[in-house]
Amino acid sequence: MKKHFNFIPLSETFYEQPTLDLAKQLIGQILVKVTDEGMSSGIIVETEAYLGEEDQAAHSFQKRRTKRTEVMYNSPGHVYVYQMHTHHLVNVVSGEKENPQAVLIRAVEPLSGIDLMIKRRPVEKMTNLTSGPGKLTKALGITMEDYGRTFFKPPLFIAKGIKINNVLEGKRIGIDNSGEARHYPYRFWINDNPYVSR
DNA sequence: TGGATGATGGCCT
DNA sequence: GGCCATCATCCAA
């Protein structure tokens, strides 16, 4: 008997908070994707905040408003997906309209639809299934099709999860060419969770 | 129009 | 630790 989950999407107002707070509050919530193949989901265990025009590591640094970053200028709760090398990465748009901030979802812990996730991304070890920003999008089936949507309802949404107390913070990963910004403590993760990317 | 550039991941030594 | 696949995007010219 499969465990049944009744996911309740977080409301629009949840996203109306400062980006660093949002990045922290997203830890423990549930990322859900529905496709023709079925539903799959995971608990968010690692995020990173990107603070827009003032943050050299952000794609929207210094009003870099382009086709790719356009959705970052939209209201909070929109979906920002982009391709990195051979992978897709998913962000939650934050900051009020015209303030291009975002939270990158770096890792999730598989929760439901795990068979489907493994089918999309065959792995030997479970801990390798969704322990990275490019891994989780492939496992959950998140693609450029999701660009510009919102996280308020299916097919892609974030549902109310569990309260996490032991959230740690530290430097972001993979942004060594971003000057001083590479030292900012804008990364959040659950202490000792095996699905955190590193 | 073309060269440089990645918010990565997998494989190698 | 290092190498590189592979491609959308960006920007100089």
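Order of the sequence lines fixes the chain letters, A, B, ..., with proteins taken first and strands second; residue numbering starts at 1 for each chain.
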_Sub-6.0 Å ring centroid separation between Y15(A) and F152(A)_ = yes

Using atom [atom1] of [X] as one end and atom [atom2] of [N] as the other, report the distance to the nearest whole Å.
X: H87(A); N: dG6(B); atom1: NE2; atom2: P; answer: 16 Å
X: H88(A); N: dT6(C); atom1: NE2; atom2: P; answer: 14 Å
X: Q62(A); N: dC10(C); atom1: CD; atom2: P; answer: 16 Å
X: K63(A); N: dC10(C); atom1: NZ; atom2: C1'; answer: 19 Å
X: L89(A); N: dC7(C); atom1: CG; atom2: C1'; answer: 14 Å
X: R172(A); N: dG6(B); atom1: CZ; atom2: P; answer: 15 Å
X: I105(A); N: dA7(B); atom1: CD1; atom2: C1'; answer: 13 Å
X: I175(A); N: dG6(B); atom1: CD1; atom2: P; answer: 12 Å

Tell me whether the OP1 or OP2 atom of [N] has a side-chain N or O from [X] closer than 4.0 Å.
X: R106(A); N: dT8(B); result: yes
X: N91(A); N: dA7(B); result: no
X: R121(A); N: dG10(B); result: yes
X: R64(A); N: dC11(C); result: yes

_When both hydrogen-bonding distances must be under 3.5 Å and the geometry is Watson-Crick or G-U wobble, what is dG6(B) paired with, if anything?_
dC7(C)

*Between the side chains of R172(A) and S178(A), does any donor sit under 3.5 Å from an acceptor?*
no

*Would you say the side-chain atoms of R68(A) and S60(A) include a donor-acceptor pair closer than 3.5 Å?*
no

_Closest-nucleotide ordering on DNA chain C, the 5'-leading residue of T69(A) and Q83(A)_ = Q83(A)

_side chain to side chain contact (heavy atoms under 4.5 Å, CB included) partner of E46(A), chosen from R198(A), E109(A), R106(A)_ = R106(A)

*asked:* By a 5.5 angstrom centroid cut-off and a 30 degree plane limit, is there stacking between Y82(A) and dA8(C)?
replied: no

*For H85(A) and dT8(B), do the ring centres fall under 5.5 Å apart while the planes stay under 30° apart?*
yes

*Can you say whether the rings of Y184(A) and Y186(A) are parallel (under 30°), tilted (30 to 60°) or perpendicular (over 60°)?*
tilted

*Please determine, for the side chain of K135(A), which listed nucleotide (dA7(B), dG10(B), dA5(C)) has the closest atom?*
dG10(B)

